[in-house]
Amino acid sequence: MDPMQPFRDEVVRLTSDAVRKLGADVQFEVEVPSPELADFAIPCFPLAKKLRKAPAAIADELAKNIASSDRLTKVWADKGYLNFRVNEQMLIDSTLKAVLAEKENYGRGEKKDKKVLLEHTSVNPTGPIHVGRARNPLIGDTLARILRRCGYDVTTEYYVNDVGKQVVLLTWGINNVPESEVKPADRDKADHRLVGYYQRANEMMESDPEVGRQIADMLVRFEAGDPAVIETVGETAKLMLQGIGSSLESVGVKVDQFTWESKFILNGQAKEVVAKLKASPKCMQEEGASYLDLEELSTQGKSTKFFFTRSDGTTLYTTRDLAYHLDKFKRADMWINVLGEDQKLGMTHLAAALRIMGVDKVPECVFYSFVALPEGRMSTRKGRVVYLDDLIEEAQDRALEEVKKRRFDISEERMFRIAQQIGAGSIRYNIIRVQAEKQFVFQWEEALNFEGNSAPFLQYAHARCCSILRKAPSYDRNANFALLSNEAEKKLIRVLSLFPSTVREAGEKRKIHVIPAYGHELASAFNQFYGVSPVLNSGEVQDARLCLVEATMWALRDVLDTLGIAAPEEM
RNA sequence: GGACGAGUGGCCUAGCAUGGAUAUGGCAGCAGCCUCCUAAGCUGCAGGUCCGGGGUUCGAAUCCCCGCUCGUCCGCCA
């Protein structure tokens, strides 16, 4: 339940009535300005033209015509705005009651009865996942969590690229490169062990044409449906995926299902796409290869030729991607892809091809810019790369140092567990807090920042709540909330009341970074309260304050949960 | 060359779709705060041509045009 909603509804209702009294039925916006100004405000500037009056005059008149209401304690006009103050006591009461009743479900929206298929990660299974790519699973997983909290039925999916040169080359490498020629792995994990074979096979292919011929041969047999080739390639992909999967797991990302690209060759759906596209008047031939002429569809760029077969008739990645999307359309009501910005043009081509096929559905895409290093774009082959596993390890090591600095009363094991939660959380938070399309330069100091706008800031506030609650005697959950009257308390409750609408906004607009921002604001408001309002041994206000602490604890848990970050009870 | 995206105090960042009331926070810096619920915290100070230039408007970080810088793409690759 959204504690703010009844107040907003009241503002809309009363303003509509007042506007109608002025003789015009015009639309208006309800803004939420900064709290010192007002709780809700309606700018009267857009109304000025239609009513042919000065904004200030309109605001004045509206203010006079607003009927009185229990929910709104003050209505006034100021500089062309019609302002409202909500009944703070009612808001305090309803907010605290809502959080204490809903607990881990505070902020959860109504069931939407809509299936969302959210594709994310989908990195080629040829090496360990690195930080340049890690933005994808983190954005995808967080968006999935947000949409679930909004009430959608979300399934996440990893599209596995088990077709094509990369993974075939890796397979060739595993089967043909002697172990002695491979740089020893820095970590005992399938993806780290195998990537050396991939790197060495790449070098060998460049220097020895025979290697290239063998790879090409495997590729042809793969396309022809040779089960032996498909199976062994599938095996290497699976091995890689295990390694990638466990990296993802250690930052709290779990993918619901995997769809293998080879499926669309084996089940003939890629061929069906070819047949459909060939039937289109937009279909052209060039030396035996088929393409769609996208010129008229104003897809920008130099090349408007969208090839979907090679001259030998075999399908291309894009053809199979088309088949994959047709498959997705049958399985859900909404489709979201989290993709690197390099896929943008490809996706507009895909959308155009779908239109040509007479399909009226199109996937929605969330694009993100690549994470680079200060010295440039990450590249596994150039060795200019930071693996996610290394980042996680480093973050957890640093977190452990911090825990050891301040805790002498808990077991080594417990400290280690806390450090894991802080380390993983920090990484997620650091990447998720900036909007996806912003360029991102990875910096160790920043990624490992445990102060200010960071995951531990939120976790720490939560641990403080838990600590107070642990020491508290039993208390009345229907305490007199009117006793919560100082500025810090009121501010904290305000922030608490904003969580449901923030989740809704993050989900509907696909702006996941508003959740970390909200979390920071909540933790910050709590820390301020903590500084000025003693809770334990505070006499008659104690029960009310304990309720506030408990409500904050739930809300912080809810925020952390939707961010995929653990909420340790002590740190 | 074309297309798309980003440019906000020393550094990172919110706000931009629907133009409006003092541009959001954080890091780093400076000055304070632990006999009291964990100082991964709190308070205060300082720091800004919102990339540049035009335009629209009563009003532009936000809209339009022209530049600049950075990123990405423009394969019978995936």
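FYI, side chains are in, hydrogens and waters are out, and symmetry mates aren't considered; it's all heavy atoms of this structure. In this text, all values refer to a predicted model and were calculated from it rather than measured experimentally. Note on naming: letters A, B, ... go to the chains in the order of the sequence lines (proteins, then strands), and numbering restarts at 1 for each one.
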Mind running a 4.0 Å heavy-atom check of residues 503-515 of chain A against RNA chain B and sending the residues that fall below it, in number order?
A/Lys509, A/Lys511, A/His513
Ignoring hydrogens and angles, are the base of B/rC70 and the side chain of A/Gln439 linked by a donor-acceptor pair under 3.5 Å?
yes
Checking only heavy atoms, does the side chain of A/Thr309 share a donor-acceptor pair with the base of B/rC76 at less than 3.5 Å?
no
A/Ala289 vs A/Asp342, nearer the 5' end of RNA chain B by closest nucleotide:
A/Asp342
Sugar-phosphate, base or nothing in reach of [X], heavy atoms under 4.0 Å:
X        : value
A/Glu29  : base
A/Glu287 : base
A/Arg464 : sugar-phosphate
A/Glu341 : base
A/Tyr530 : base
A/Ser369 : nothing
A/Gln528 : sugar-phosphate
A/Glu521 : nothing
A/Ala463 : base
A/Arg470 : nothing
A/Ser533 : base
A/Glu445 : nothing

I want to check one thing: is the phosphate of [N], taken as OP1 and OP2, less than 4.0 Å away from some side-chain N or O of [X]?
X        : N      : value
A/Tyr460 : B/rA40 : yes
A/Lys438 : B/rA14 : yes
A/Lys344 : B/rG5  : no
A/Gln435 : B/rG15 : yes

Choose from B/rA40, B/rA78, B/rU38 the nucleotide whose nearest atom is closest to any side-chain atom of A/Asn161.
B/rA78
Among B/rA6, B/rC37, B/rA78, which nucleotide sits nearest the side chain of A/Gln166?
B/rA78
Short side-chain donor-acceptor distance under 3.5 Å, [Y] and [X]:
X        : Y        : result
A/Glu287 : A/Ser311 : no
A/Arg545 : A/Gln542 : no
A/Gln528 : A/Ser524 : yes
A/Asn449 : A/Ser454 : no
A/Tyr475 : A/Glu550 : yes

Any strand is fair game: report the nucleotide pairing with B/rC34 by Watson-Crick or G-U wobble, both distances under 3.5 Å, or none.
none
Heavy-atom count around A/Glu540 CD within 6.0 Å, excluding the residue itself: above 12?
no
Protein-to-nucleotide contact annotation, 5' to 3' order, nucleotides 20-29 of chain B [B base; S sugar-phosphate only; - none; under 4.0 Å, heavy atom]
BBB--SSSS-
Table of protein N/O atoms under 3.5 Å from nucleotides 31-36 of chain B N/O atoms:
none

Would you mind reading off the distance between A/Tyr429 atom OH and B/rU13 atom C1', rounded to a whole angstrom?
11 Å
Please report the C-alpha distance between A/Ser290 and A/Gln285 in whole Å, then the side-chain angles of each, then the deciding distance to 0.1 Å, and finally whether the side-chain hydrogen bond (donor to acceptor under 3.5 Å, both in side chains) criterion is met.
CA-CA 5 Å; A/Ser290 303; A/Gln285 301 284 320; 3.1 Å; yes
